[in-house]
Engineer: 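Once you've had a glance at the structure underneath, I'll fire off some questions.
The chains referred to below are lettered A, B, ... by the order of the sequence lines, with proteins before strands, and numbering in each begins at 1.
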2 protein chains.
Amino acid sequence: MAQTLHNFHFEDLLNKHHLKKTAPRLRVLSMMSSRNTATSQPDLESVMNDIDRVTLYRILSAFEEKGIIHKVFDLNGTANYALCTSNCDEGHHHDEHLHFNCTQCKNVYCLNDLQLPAINLPVGFVPQAFTLYATGLCPKCSKKAVKQ
Amino acid sequence: MAQTLHNFHFEDLLNKHHLKKTAPRLRVLSMMSSRNTATSQPDLESVMNDIDRVTLYRILSAFEEKGIIHKVFDLNGTANYALCTSNCDEGHHHDEHLHFNCTQCKNVYCLNDLQLPAINLPVGFVPQAFTLYATGLCPKCSKKAVKQ
DNA sequence: ACGTTAATTGTAATATTGTTGCGTTTACAT
DNA sequence: ATGTAAACGCAACAATATTACAATTAACGT
Ligand SMILES: [Mn+2]
Ligand SMILES: [Mn+2]
Ligand SMILES: [Zn+2]
Ligand SMILES: [Zn+2]
């Protein structure tokens, strides 16, 4: 998100979901909103190395359950987390956008604006949610590739 | 695959890729071809508990590299493996089909016949491959749901 | 302000998944 | 039959995730 988000936004967000405003939670929200790509669990852990690992896992699963963030696995099966932009409710996510995983920088981009085309499944399959994944080069890495 | 595949098919397959025909490899191929869903790493490990874990990992990554199988992460980030049906080459996969993950039985189905619609990405993103994921109820589980 | 309490965090222990190094075995080409 | 590279088994380790429980603290009513 290029937009600067302020702490009281996060505090409101936590309030709304009946979650206590704690330092670790605010820091996680702040870190994730300061990036334009999803944040991997290893990243989160190394940046917030003063916060206990278990606490981080609990914060992440609480946020995910409340519909504040959503989880995406990248090419290597690593968990990445990004703020939900759509109005995701407790237990019901609506993050049916494209996830672009750059093979160079490994970043995962949420392309929220890209709406999925209609899919019709074989008989018997009852879909609940779709996600489209793409791999390739992100704008930064494709630019670099041209220069060389 | 409902079709019964015979051992000599697997032996030919291994030959083609310059892989030695060993008992563990043949058993992995046999197990995977006997199922109509992808096989999870935990499943593989518990069924083949007499084969060393490391050997299984090495077989899986060799097969994946050769384009014999492809890897899919399910909802929980667990690795699942399925035989490639498209002509996948060494290092180049073409498994751009839909992966359906049943929320009930947790099985991952490769819906090979379902071709992906065209997607146009924002400027700068250079795609290499796409995968479409869906979650929901598979035919078996949706049938059970109706009965209750 | 202050005390109460449920929610949250920290700590330790454990489980699961995946990797690396190395010695032994074996498939297969000659 | 024999030599050899490939594959396997074993041990040790690394990374990721979960559980149980004790200590702390944010939020609430007074
Ligand atoms: Mn996303
Ligand atoms: Mn598949
Ligand atoms: Zn990139
Ligand atoms: Zn099912």
Engineer: NZ of A:K66 versus P of C:dT8: gap in Å, rounded?
Structural biologist: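 So the two atoms are 8 Å apart, to the nearest Å.
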Engineer: Looking at every strand, decide which applies to B:R25 at a 4.0 Å heavy-atom threshold: base, sugar-phosphate, or nothing.
Structural biologist: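 Sugar-phosphate, backbone atoms only, no base.
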Engineer: Below the 4.0 Å mark, does D:dA7 have OP1 or OP2 next to a side-chain nitrogen or oxygen of B:T22?
Structural biologist: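 Indeed not, no polar side-chain atom of B:T22 lies that close.
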Engineer: Nearest whole Å is fine: how far is D:dC8 P from B:L19 CG?
Structural biologist: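 These atoms are roughly 9 Å apart.
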Engineer: The side chain of A:R58 is closest to which nucleotide in this list: D:dC21, D:dG9, C:dA6?
Structural biologist: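 Ranking D:dC21, D:dG9, C:dA6 by closest atom to the A:R58 side chain puts D:dC21 first.
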Engineer: Where the side chain of A:D52 is defined as all heavy atoms beyond and including C-beta, which of C:dT11, D:dG9, D:dA5 is the nearest nucleotide?
Structural biologist: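 Minimum distance to the A:D52 side chain belongs to C:dT11.
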Engineer: Does the side chain of A:T85 come under 3.5 Å of the side chain of A:N112 through a donor N or O and an acceptor N or O?
Structural biologist: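 Yes, a side-chain donor-acceptor pair sits under 3.5 Å.
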Engineer: Between B:V54 and B:K21, name the one whose nearest nucleotide on DNA chain C is closer to the 5' end.
Structural biologist: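 Looking at DNA chain C, the more 5' nearest nucleotide goes with B:V54.
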Engineer: Just call it for B:R53: base, sugar-phosphate, or nothing, with non-hydrogen atoms closer than 4.0 Å on any strand.
Structural biologist: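 The answer is base, as B:R53 lies within the cut-off (heavy atoms under 4.0 Å) of a base atom.
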Engineer: From the set D:dC8, C:dG18, D:dT25, return the single nucleotide nearest to any side-chain atom of B:T55.
Structural biologist: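 When the side chain of B:T55 is considered, D:dC8 is the closest of D:dC8, C:dG18, D:dT25.
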Engineer: Just the rounded figure in Å: distance from P of D:dC10 to CD1 of B:I51.
Structural biologist: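 In whole Å, D:dC10 P lies 12 Å from B:I51 CD1.
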Engineer: Does one side chain, of A:E64 or A:Y81, offer a donor that lies under 3.5 Å from an acceptor on the other?
Structural biologist: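 Judged by distance alone, the side chains do not pair up.
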Engineer: Tell me if a side-chain donor or acceptor on A:N76 pairs with a main-chain N or O of A:T78 at a distance below 3.5 Å.
Structural biologist: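 No; judged by distance alone, with no hydrogens or angles, the pair does not exist.
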Engineer: Between the side chains of B:H92 and B:H94, does any donor sit under 3.5 Å from an acceptor?
Structural biologist: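 Distance-only check fails for B:H92 and B:H94.
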Engineer: For A:N80 and D:dT16, what is the distance between atoms CG and P respectively, to the nearest whole Å?
Structural biologist: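 Taking CG of A:N80 and P of D:dT16, I get 11 Å after rounding.
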Engineer: For A:E45, report the nucleic acid contact type (base, sugar-phosphate, nothing); a contact means any heavy atom under 4.0 Å.
Structural biologist: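 If one applies the 4.0 Å heavy-atom cut-off, A:E45 turns out to touch nothing in the nucleic acid.
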Engineer: Let me know the distance between CG of A:N76 and P of D:dT16, rounded to the nearest Å.
Structural biologist: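 Spelled out: CG on A:N76 to P on D:dT16 is 11 Å.
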Engineer: Rounded off to whole Å, could you give me the CG-to-P distance for the B:N15 and D:dA7 pair?
Structural biologist: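 The distance from CG of B:N15 to P of D:dA7 comes to 12 Å, rounded to the nearest Å.
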Engineer: Determine, stepwise, if the pair A:D12 / A:K21 fulfils salt bridge (Lys or Arg N to Asp or Glu O under 4.0 Å).
Structural biologist: CA-CA 9 Å; A:D12 285 351; A:K21 296 165 231 160; over 6 Å; no
Engineer: Return the value, rounded to whole Å, for the distance between atom CG of A:N49 and atom P of C:dT9.
Structural biologist: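 So the CG-P distance, A:N49 to C:dT9, works out to 17 Å.
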Engineer: Separation of A:K71 atom NZ from D:dA17 atom P, in whole Å?
Structural biologist: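 About 7 Å, once rounded to whole Å.
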